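I have placed the structure first, in the form of structure tokens, so that the comments after it can refer back to it.
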Amino acid sequence: MAARRREGENLPDDRDARARYRRILRFAARALAVTWWFELFLPRIGLGWIGVRGRSARMQRIARRFHGLAIDLGGLMIKVGQFMSSRLDVLPPEITKELEGLQDEVPAVPFPEIRAEAEGQLGVPLDRAFVDVESVPVAAASLGQAHRARLSEEDAALTGLDAVILKVQRPGIQRIVDTDLAALRRVGRWLSHVRIVSDRVDAPQLVEEFAETSLEEIDYLQEAANGERFAADFAGDPRVGVPAVVWERTSRRALTLEDVTAIKITDHDALRAAGIDPAEVAKVFASVMFDQVFTHGFFHADPHPGNIFVTPLTGTDAAGADAPSWRLTFIDFGMMGEVPPGLRNGLRRLMIAVAARDGVALVQSIRDVGVLLPSADTTELERAMTQLFARFGGMGFAELREVDPREFRAFAIEFQDVVRALPFQLPENFLLIVRAMSLTSGVCSALDPTFNLWDAVEPYASRLVREEGRNAVGDVLRRAVSSITTASRLPGRVDELITRVEDRRISFPDPALERRVARLEQLGRRTLSGLLFAALLVGGATLRPDDPVLGGVLMTGSLLPLAHALLAGVFGRRG
């Protein structure tokens, strides 16, 4: 009993919660039992072929049952399905594909319940806070729903806004979240004792990652702060818009935002009617998403079509004749991702390796970002990547689209066992990046069927290669300056040494040694000249593309220390 209370310590003590908790555990226990029977027991008695033969259909049945469970229970179960659909490192494709289409297919909460929840959160009757609140929701999800509203005259004068969106969490959602997390934590502990799972993934840690993301998503104060941080990142960027937060009408479970509803990003007909080219929208959207990941390190991790609008700009909204006539407006900042400096550097190296067609460097960068465990033997994977680049690396993306798909398939079949055998797990931050990029690719493909995500990646990779080159040159220059500083001290030290020798404070038993010391000063000056020549030449070559005048002056000036180094050596030998 004590163990049972400990496992469900966060579980509310009521009948509905216990029933929900048991239902989740029953599903998980059944799925684990089926998996154990077919994947572990039958192979041990020589009947593994039975499990292999029906594996695909069996996985699909499990996924379909979970889909039904999630729709019926709502709450975090739908989020679990969406979260797990992107864990390609944990689940087989039969399950991830089935869960890809899982959406918040839940009925709306009756408006009187939403009204009561909102008034309790805001501390005032809705009639005082708003002139009007529409009873039919704009959107209903498993965790909350949104209604159009108009601010009171006082709040409208204070904020400069009129039309707003009021997001309110479902009544009792915290109890549901606590129940679901308690059940998931117990399932995670079960999985930690199954070797076939524990060898590939830390299930309890995976549950905690999901719990952290989910708890942040139901904290509307956190979502509001995320939105303002996102807006600050793109301040002054005409491509991006973000709804303003009405903080006076916002709490942890009720959020009031500027109503920025416009053209849904994948609505081709509406875009064309507004004179906007969907293909151009795809390019800008991909560019903005890359800026979030690689420039700002803070990105929207759920950029599905319902969370991005295309807003036409007219009149005073347009910044000028050369400004774009539309912008992308992002909403729903509950699920955001951060790219820590270490991970960002690893991703930069990964993209550079791809641009350089370097299979060995690519595998090393995958290891650096934490995808591969340190113990992984990557020899075969490096060979696979080297062959991949050797066959397809010299082709542009347009050429790759012309390659027979059967050739790609044959390559994948050849090396699929190598990849499956590697011990890897996607870090949480990396998972959100993969999710964001996957959704970005889907939206862009819906906008433009000919769109290829790597066409948009390639310019970024090329830019990173150039920046990496500048950083390398900077390291050389810094080392050169350090060496010059050391070398610049050498003549003075040699002078001091010679003075001490002349004053007979130091004596040399070997006359040849005295002559060698006398040459040290000349050698030090030549070394200083050589280092100065290298620093000026490299610095000039680096600056010349951006500043031809200064770059040319530095390169020309490098000839003087070069001449000194060479001529001093000639005259020194003659002497």
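Bear in mind the structure is a predicted one, so any value in this text is a computation, not a measurement.
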Practice task
Taking E216 for its side chain and M335 for its backbone only, find out whether a donor-acceptor pair lies under 3.5 Å.
Solution key: no

Practice task
Tell me, please, which residues at least two apart from Q222 pass side chain to side chain donor-acceptor pair (under 3.5 Å).
Solution key: N226

Exercise for the section: Indicate the ring-plane relationship of H300 and F330, choosing parallel, tilted or perpendicular according to the 30° and 60° boundaries. Expected result: tilted

Handout entry: Interatomic distance, H147 atom NE2 to L166 atom CG [nearest 0.5 angstrom]
Key = 7.5 Å

Exercise for the section: May I ask you to decide if the ring planes of W37 and F41 are parallel, tilted or perpendicular, using 30° and 60° as cut-offs? Expected result: parallel

Exercise for the section: Inspect the contact between R23 and D72 and indicate whether a charged nitrogen and a carboxylate oxygen are less than 4.0 angstrom apart. Expected result: yes

Practice task
Give the minimum heavy-atom separation between L181 and A211, together with the two atoms involved.
Solution key: CD2-CB, 3.7 Å

Problem - Considering all heavy atoms, the nearest A262-V310 contact - result: CB-O, 3.5 Å

Practice task
Assert yes or no for the condition that the ring centre distance of F234 to H296 is strictly below 6.0 Å.
Solution key: yes

Handout entry: Partners passing salt bridge (Lys or Arg N to Asp or Glu O under 4.0 Å) against R22 (at least two apart in sequence or in another chain)
Key = none

Handout entry: Aromatic F38 / basic R58 pairing, under 6.0 angstrom, 45° off normal
Key = yes

Problem - Row check, F298 ring normal vs R229 NZ/CZ: under 6.0 Å, within 45° - result: yes

